Colleague: 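This is the structure I have questions about; it appears just below.
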Amino acid sequence: MRCLDEMRGASVAGGECCSVFDVGCGNLRFESFLASACPERAWTFYAVDNCESLVPSAAWAGRGAALKYQTFDVMDALLRGENLHEALRVPLCDVAVAFGFLHHVPLAEHRLAVLSALIDQVRPGGLVMVSLWQFMRDAHLAEKARSTHLRALDELGLDSEEFEEGDYLLGWQNTPDAYRFCHSFSDTEVDYLVAAVAGRASLVARFVADGKSDNLNTYLVLQVA
């Protein structure tokens with residue numbers, strides 16, 4: 001995984017990266033990967049999400065990695081105008097990540113707020129890594145997204161004018177009447193995020209990966225000033 005290579009190459013305060021903040025951690029897939037790939041490191045994971053039932057806490061027994069989980073609704077905090085950095089019970093870490101999460105956040109200013117909070121949670125010289133889903137690049141996924149979105153608008157009685165370009169309501173595991181908000185990032189939007197935090201974090205790497213075409217996600221790796 002290229003993100004792991006970036007972490008291995010990073011030097012934070014003269015030492016190796018070992019503390020990781022993960023917003024939208026889900027089932028701790030990234031934490032499990034790191035603990036397995038680098039068992040020699042004394043990892044401390046600060047994981048945040050709003051679905052505690054997904055967290056397999058028992059699986060951490062004997063891993064040699066410390067896990068500190070906080071139940072926290074990022075979107076609820078954003079809608080209330082809270083400062084995410086102040087609301088989180090997380091110390092400054094070596095690395096902060098958001099994988100498979102930002103595309104669920106509506107409005108450009110909210111997505112920037114999440115990225116800014118990730119930067120706030122990292123020590124100078126540390127890394128911030130995010131994935132930005134670009135499902136409209138794939139012809140099959142794009143066609144399915146358009147048709148599902150139209151069906152969802154009709155079923156839910158929503159106005160298409162309430163959605164911004166790139167916003168779609170997608171299905172979930174073929175479950176009837178189950179929809180989720182997803183945003184497909186344009187390259188221009190990716191450029192905007194990089195430029196918006198340029199004074200606080202510099203771009204270390206930008207690459208695409210995932211899917212049959214190997215280009216469904218753009219990954220950003222930023223180093224905090």
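Here the structure is a predicted model, which is why all the values come from computation and not from measurement. Count residues from 1 along the sequence.
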Colleague: Evaluate the side-chain proximity of His103 to Leu132: yes if any heavy-atom separation is below 4.5 Å, no if none is.
Modeller: no
Colleague: Tyr168 and Phe181: side chain to side chain contact (heavy atoms under 4.5 Å, CB included), yes or no, with the steps?
Modeller: CA-CA 6 Å; Tyr168 293 89; Phe181 173 89; over 6 Å; no
Colleague: Tell me whether Phe135 is reachable from Phe185 by hopping between hydrophobic residues (I, L, V, M, F, W, Y) whose side-chain heavy atoms are closer than 4.5 Å.
Modeller: no
Colleague: So, do Val221 and Leu203 sit near enough that their side-chain heavy atoms are less than 4.5 Å apart?
Modeller: no
Colleague: Give me the atom names and distance for the closest heavy-atom approach of Leu102 to Arg111.
Modeller: O-CD, 3.7 Å
Colleague: Apply side chain to side chain contact (heavy atoms under 4.5 Å, CB included) to the pair Arg137 and Asp187, showing each step before the final yes or no.
Modeller: CA-CA 11 Å; Arg137 282 181 168 179; Asp187 288 336; 2.8 Å; yes
Colleague: How long is the span from the CG atom in Leu153 to the CD atom in Glu161, to the nearest 0.5 Å?
Modeller: 10.5 Å
Colleague: With a 4.5 Å heavy-atom cut-off, do Leu222 and Val204 have their side chains touching?
Modeller: no
Colleague: Hey, does Val97 have a side-chain heavy atom less than 4.5 Å from the side chain of Val130?
Modeller: no
Colleague: Check Arg123 against Ser19 and note the closest heavy-atom contact, atom names and distance.
Modeller: NH1-OG, 3.5 Å
Colleague: Main chain of Gly171, side chain of Arg180: is a donor-acceptor contact present, judged purely on distance under 3.5 Å?
Modeller: yes
Colleague: Less than 4.5 Å apart, side chain to side chain, heavy atoms only: is that true for Leu84 and Leu78?
Modeller: yes
Colleague: Compare all side-chain heavy atoms of Trp43 with those of Leu67 and state whether any distance is below 4.5 angstrom.
Modeller: no
Colleague: Please determine whether side chain to side chain contact (heavy atoms under 4.5 Å, CB included) holds for the pair Asn217 and Tyr219, giving the CA-CA distance in whole Å, both sets of side-chain angles, and the decisive distance to 0.1 Å.
Modeller: CA-CA 6 Å; Asn217 277 300; Tyr219 288 84; 3.6 Å; yes
Colleague: To the nearest 0.5 Å, tell me how far Leu92 CG sits from Asp120 CG.
Modeller: 9.0 Å
Colleague: Looking at Phe163 versus His149, is the centre-to-centre ring distance below 6.0 Å?
Modeller: yes
Colleague: Less than 3.5 Å apart, any donor N or O on the side chain of Gln70 or Asp49 sitting next to an acceptor on the other?
Modeller: no
Colleague: Begin with the C-alpha distance, continue with both residues' side-chain angles, and end with the deciding distance and a verdict on side chain to side chain contact (heavy atoms under 4.5 Å, CB included) for Val208 and Asp214.
Modeller: CA-CA 7 Å; Val208 295; Asp214 205 33; over 6 Å; no
Colleague: Applying side-chain contact (heavy atoms from CB on, under 4.5 Å) between Val197 and each of Val224, Leu118, Leu220, Leu112, report the one that passes.
Modeller: Leu112
Colleague: Test your reading of the model: is there a side-chain donor-acceptor pair from Ser131 to the backbone of Gly100, 3.5 Å cut-off?
Modeller: yes
Colleague: What about the rings of Phe30 and Phe99, do their centers lie closer together than 6.0 Å?
Modeller: yes
Colleague: Is a donor on one side and an acceptor on the other found under 3.5 Å between the side chain of Ser36 and the backbone of Phe33?
Modeller: no
Colleague: Taking C-beta and beyond as the side chain, do Leu169 and Leu156 meet within less than 4.5 Å on heavy atoms?
Modeller: yes
Colleague: Do you know the tightest heavy-atom contact between Val128 and Leu115?
Modeller: CG1-CD1, 4.0 Å
Colleague: Check whether the side chains of Glu189 and His183 place a donor and an acceptor atom closer than 3.5 Å, and report yes or no.
Modeller: yes
Colleague: Going hydrophobic residue to hydrophobic residue with side-chain gaps under 4.5 angstrom, can you get from Tyr192 over to Val105?
Modeller: yes
Colleague: What pair of heavy atoms forms the shortest contact from Ala42 to Cys18, and how long is it?
Modeller: O-CB, 3.7 Å
Colleague: Would the number of heavy atoms belonging to other residues, nucleotides or ligands and lying under 6.0 Å from CD of Glu165 be above 12?
Modeller: no
Colleague: Examine Leu34 and Tyr46 and state if one hydrophobic cluster contains both, with Ile, Leu, Val, Met, Phe, Trp and Tyr joined whenever side-chain heavy atoms are less than 4.5 Å apart.
Modeller: no
Colleague: For Cys182 and Trp133, work out which heavy atoms get closest and say how close.
Modeller: SG-CZ3, 3.9 Å
Colleague: Taking Arg41 first and then Asp94, would you say they form a salt bridge - that is, a charged N and a carboxylate O separated by under 4.0 Å?
Modeller: no
Colleague: Under the rule for side-chain hydrogen bond (donor to acceptor under 3.5 Å, both in side chains), what residues qualify as partners of Glu82, not counting sequence neighbours?
Modeller: Arg80
Colleague: Once rounded to the nearest 0.5 Å, what's the spacing between atom CZ of Phe21 and atom CZ of Phe45?
Modeller: 14.0 Å
Colleague: Are the charged groups of Arg206 and Asp191 less than 4.0 angstrom apart, N to O?
Modeller: yes
Colleague: Answer yes or no: is there a donor N or O on one side and an acceptor on the other, between the side chain of Ser184 and the main chain of Met136, under 3.5 Å?
Modeller: yes
Colleague: Could you work out, with salt bridge (Lys or Arg N to Asp or Glu O under 4.0 Å) as the rule, every residue matching Glu155, not counting sequence neighbours?
Modeller: none
Colleague: Would a 4.5 Å heavy-atom cut-off, applied to side chains only, mark Gln121 and Cys93 as touching?
Modeller: no
Colleague: Could you measure the distance from the CZ atom of Phe72 to the SG atom of Cys25? Nearest 0.5 Å is fine.
Modeller: 13.0 Å
Colleague: Following the transitive rule for hydrophobic clusters with a side-chain heavy-atom cut-off under 4.5 Å over Ile, Leu, Val, Met, Phe, Trp and Tyr, establish whether Val190 and Leu216 coincide in one cluster.
Modeller: no
Colleague: Hey, what do you get for NE2 (His110) to OG (Ser116), rounding to the nearest 0.5 Å?
Modeller: 12.0 Å
Colleague: Same cluster for Met129 and Val20 if Ile/Leu/Val/Met/Phe/Trp/Tyr side chains link at under 4.5 Å?
Modeller: yes
Colleague: Give a yes or no on whether the backbone of Ala145 and the side-chain of Thr148 come within a donor-acceptor separation of less than 3.5 Å.
Modeller: no
Colleague: Quick one: closest heavy-atom pair of Glu164 and Ala108, and the distance?
Modeller: OE1-N, 4.3 Å
Colleague: Hey, does the side chain of Asp159 reach the backbone of Glu162 with a donor-acceptor pair shorter than 3.5 angstrom?
Modeller: no
Colleague: Working to the nearest 0.5 Å, report the span between CD of Gln134 and CG of Asp210.
Modeller: 11.0 Å
Colleague: Do Lys212 and Asp138 sit within salt-bridge range, that is, some charged N less than 4.0 Å from a carboxylate O?
Modeller: no
